[in-house]
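Down below is the structure, laid out as structure tokens.
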Amino acid sequence: MQQVNFSAAASDTQRPIKKVVIAGGGTAGWMTGAAISKLLGKNLEVVLVESDEIGTVGVGEATIPTLHIFHRLLGINEQEFMAATNATFKLGIMFENWLQRDQKYLHSFGFLGKDCWACGFQHFWSKAQQRGIAREIGDYCVEHLAARQGRFAVLPNQDLNHAYHMDATIYAKYLRKLAEQHGLKRVEGKISEVQQHADGHISALKLMSGELIEGDLFIDCTGFRALLIEQTLNTGFEDWSHFLPCDSAIAVQTKTTESPVAYTRAIAHPSGWQWKIPLQSRVGNGMVFCSKFMSDDEAKALLLANIEGERLIEPRVIKFRTGTRHQHWNKNCIAIGLSSGFLEPLESTSIHLIQRSIVRLLQMFPSNGIQTAEVDEFNKQTQIEMHNIRDFIILHYKATQRDDSKFWRYCRDMAVPESLTHRMDLFAQSGKVYKFAQELFGESSWIQVMMGQGILPAQYHPIVDAMSDGELTDFLGTIAANVQKTVQNFPTHQEFLQYYCKSAIV
Ligand SMILES: Cc1cc2nc3c(=O)[nH]c(=O)nc-3n(C[C@H](O)[C@H](O)[C@H](O)COP(=O)(O)OP(=O)(O)OC[C@H]3O[C@@H](n4cnc5c(N)ncnc54)[C@H](O)[C@@H]3O)c2cc1C
């Protein structure tokens with residue numbers, strides 16, 4: 001691909017934004033296209049360029065509950081969306097063999113027990129655990145128990161905090177339809193040249209056909225290629241692979257052989273981990289691994305030995321680098337999706353980060369020209385979010401007790417960011433955990449993963465001692481009984497899916 005500087009227009013910072021060009025039509029491109037055209041399309045021209053020849057990364061099928069917010073913005077009906085995208089419900093992630101082999105724990109999307117003003121539920125649970133009167137911590141959480149028992153319901157008043165497993169290719173098509181209804185113009189073709197003004201701002205994308213697509217604001221959704229933000233603007237990349245050493249994946253789809261569970265399975269292996277994402281009629285499978293410790297062929301053999309059902313596609317290898325662009329917004333280009341950086345899919349956070357960047361862009365949309373302070377703010381907020389999620393993902397690797405392979409020994413012994421060390425120490429010493437403003441993962445998430453990874457608090461908050469053992473037993477018993485009563489009235493996940501998707505008006 002060539003880069004050409006051809007125009008000497010005046011500084012772009014004062015140029016009003018009348019036309020947005022989105023480069024790339026994967027999940028990031030179409031989420032961005034659908035949102036901008038629906039919410040700002042009346043006053044803007046929106047064009048999306050995608051290449052059928054290049055295609056998309058074709059993975060990214062597990063989500064987290066924040067997707068509801070995005071769907072509400074777009075006015076997407078849940079039943080219709082689920083029926084259209086072969087989707088199932090997701091209540092969390094089951095981590096298997098992460099602490100030790102043959103051990104598993106669930107990170108559910110639910111809230112654990114009941115907090116009091118001074119301390120979180122984990123303090124009550126810790127004392128009960130020490131007294132031998134506690135049940136499994138997940139028994140105090142509706143989502144946790146429902147996921148383990150294979151039950152699900154959408155409740156009118158007390159909705160389960162849920163996300164979805166969905167077909168990524170169909171999702172992009174679904175969003176395309178929506179975007180085109182709101183006036184977005186799609187252009188098929190391969191970008192061969194990115195043209196720039198004299199001040200370095202992007203002025204146009206030139207396609208192989210010779211067609212020139214000019215614009216005022218460019219969104220780079222070209223995936224790992226990062227055609228605009230990196231190949232053209234040389235924005236730079238902060239590499240985090242020393243913290244998150246996996247750099248490869250192999251993906252394959254199989255036919256469904258059993259009723260779908262309402263959680264993603266993340267199964268640790270000697271040099272990485274395997275995902276199983278159950279859709280209604282097929283399963284997305286993959287192996288994420290570190291090429292320093294396992295070859296592509298070994299990973300492929302291990303993956304194929306651990307999947308069930310007829311294979312629907314040939315296994316595909318995907319190479320990636322974990323880290324973040326130094327700037328996600330540079331000049332008149334904003335990187336959204338894989339072009340902006342990548343955190344491996346262990347906690348299904350990439351689609352969430354796409355959605356966050358879209359919402360942030362809509363909130364800071366530079367209609368009257370690009371202002372440096374706004375660009376800086378956008379970049380600052382994006383980096384904070386990425387850093388917090390990065391720490392949460394590293395936790396799963398660092399807090400392992402596995403020492404059966406070089407990979408796990410590396411993870412156990414590696415230096416981690418000070419921000420994470422502090423959180424782990426604070427929890428281990430005092431049972432305390434705090435969520436930063438705007439942070440994605442809340443206290444219940446940190447607690448479930450820290451405990452699941454073997455970090456148990458040495459102390460509980462003294463306010464818990466205001467309760468006698470009898471009162472503590474009653475307090476916990478009432479919560480667990482209510483959770484059980486709620487869940488036992490739910491239909492199975494499979495029954496609910498059938499009812500819900502069949503009654504959708506597609
Ligand atoms: C192994 C793996 C597993 C993942 N699992 C999850 C998950 O479970 N949950 C989650 O939230 N996220 C997951 N992700 C991330 C998720 O897949 C991506 O965030 C999401 O698919 C968005 O990708 P994208 O649109 O940025 O890139 P892509 O899908 O790669 O799309 C890039 C687009 O740019 C176009 N393009 C590129 N170059 C050109 C050119 N020269 N001319 C024209 N068009 C061009 C392509 O044709 C394509 O349309 C996973 C990622 C990986 C690697």
Side-chain angles (χ1 to χ4, degrees), residues 91-96 98-100 102-149 158 160-161 263 347 388 391-392 395-396 398-401 416 419-436 439-488:
L91 290 168
I93 304 174
M94 186 69 81
F95 290 95
E96 304 175 32
W98 283 79
L99 175 62
Q100 288 164 346
D102 303 324
Q103 175 269 2
K104 62 180 176 182
Y105 69 93
L106 182 75
H107 167 202
S108 82
F109 297 138
F111 191 80
L112 297 174
K114 258 190 199 159
D115 288 349
C116 88
W117 66 270
C119 68
F121 177 74
Q122 73 275 19
H123 294 271
F124 296 91
W125 184 85
S126 287
K127 177 171 178 182
Q129 174 76 357
Q130 288 174 17
R131 294 285 197 276
I133 52 173
R135 304 168 67 114
E136 181 184 337
I137 194 140
D139 288 354
Y140 303 99
C141 168
V142 173
E143 287 81 355
H144 205 289
L145 192 67
R148 278 158 39 219
Q149 293 193 349
Q158 189 212 339
L160 289 185
N161 205 19
Y263 50 82
E347 283 283 354
N388 289 336
D391 283 7
F392 188 62
L395 169 68
H396 302 67
K398 174 67 182 170
T400 184
Q401 291 169 6
V416 299
S419 43
L420 174 60
T421 307
H422 169 70
R423 284 201 197 241
M424 290 165 71
D425 290 348
L426 184 69
F427 188 71
Q429 289 163 17
S430 68
K432 296 193 175 93
V433 52
Y434 296 102
K435 179 184 166 168
F436 301 127
E439 189 176 7
L440 171 62
F441 290 104
E443 288 89 344
S444 286
S445 289
W446 282 94
I447 293 164
Q448 289 176 79
V449 175
M450 285 204 266
M451 285 186 173
Q453 293 289 152
I455 306 175
L456 295 176
Q459 289 181 45
Y460 56 84
H461 194 285
I463 207 163
V464 177
D465 284 330
M467 273 186 187
S468 67
D469 281 6
E471 285 169 333
L472 184 60
T473 308
D474 286 351
F475 172 65
L476 294 180
T478 306
I479 298 173
N482 284 338
V483 166
Q484 227 165 4
K485 203 167 129 205
T486 306
V487 172
Q488 79 194 13

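Values below: all heavy atoms of this structure, side chains included; hydrogens, waters and symmetry mates excluded.
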query = Any chance NZ of K435 has more than 12 other-residue heavy atoms, nucleotides or ligands included, within less than 6.0 Å?
reply = yes
key: L395 and L420, any side-chain heavy atoms less than 4.5 Å apart   = yes
ask   = Does a side-chain heavy-atom distance below 4.5 Å link H123 with K432?
value = yes
query = After noting the C-alpha distance and the side-chain angles of F124 and C116, does the key distance pass the side chain to side chain contact (heavy atoms under 4.5 Å, CB included) rule?
reply = CA-CA 10 Å; F124 296 91; C116 88; 4.1 Å; yes
ask   = Are the side chain of Y140 and the backbone N or O of R135 linked by a donor-acceptor pair below 3.5 Å?
value = yes
key: Distance-minimising heavy-atom pair for A428 and I455   = CB-CG2, 3.8 Å
key: Under 3.5 Å: donor-acceptor pair, side chain of N161, backbone of F109   = yes
Stepwise side chain to side chain contact (heavy atoms under 4.5 Å, CB included) check, R131 with T473 = CA-CA 10 Å; R131 294 285 197 276; T473 308; over 6 Å; no
ask   = Side-chain contact, heavy-atom cut-off 4.5 Å: Y105 with V449?
value = yes
ask   = What is the minimum heavy-atom distance between L106 and G92, and which atoms define it?
value = CD1-C, 4.4 Å
inquiry  = Counting C-beta onward and ignoring hydrogens, is there a side-chain heavy-atom pair between D139 and Q484 closer than 4.5 Å?
reply    = no
request  = May I have the step-by-step check of side chain to side chain contact (heavy atoms under 4.5 Å, CB included) for R148 and E136, ending in yes or no?
outcome  = CA-CA 12 Å; R148 278 158 39 219; E136 181 184 337; 3.6 Å; yes
ask   = Is a donor on one side and an acceptor on the other found under 3.5 Å between the side chain of S108 and the backbone of L91?
value = no
query = Taking the six-membered ring where the residue is Trp, are the ring centres of W446 and F441 under 6.0 Å apart?
reply = no
query = Are the side chains of L440 and E347 in touch, meaning some heavy atoms are under 4.5 Å apart?
reply = no
task = Determine the minimum heavy-atom distance between P457 and G431, stating which atoms define it.
result = CB-CA, 3.5 Å
message = Exactly one of Q103, Q448, K104, H396 should register a side chain to side chain contact (heavy atoms under 4.5 Å, CB included) with F95. Which one does?
response = H396
message = Can you give me the closest heavy-atom contact between Q401 and Q100, atom names plus distance?
response = OE1-NE2, 2.8 Å
inquiry  = Is there a side-chain contact between V433 and Q122 in this structure, where contact means two heavy atoms from C-beta onward sitting under 4.5 Å apart?
reply    = yes
request  = Report yes if the side chains of I137 and Q129 come closer than 4.5 Å at any heavy-atom pair, otherwise no.
outcome  = no
ask   = Quick one: CD on E143 to CG on L145, what's the gap to the nearest 0.5 Å?
value = 10.5 Å
task = Show the numbers, then the answer: is there a side chain to side chain contact (heavy atoms under 4.5 Å, CB included) between F121 and L476?
result = CA-CA 10 Å; F121 177 74; L476 294 180; 3.4 Å; yes
ask   = Do the non-hydrogen side-chain atoms of Y263 and H107 ever get within less than 4.5 Å of each other?
value = no
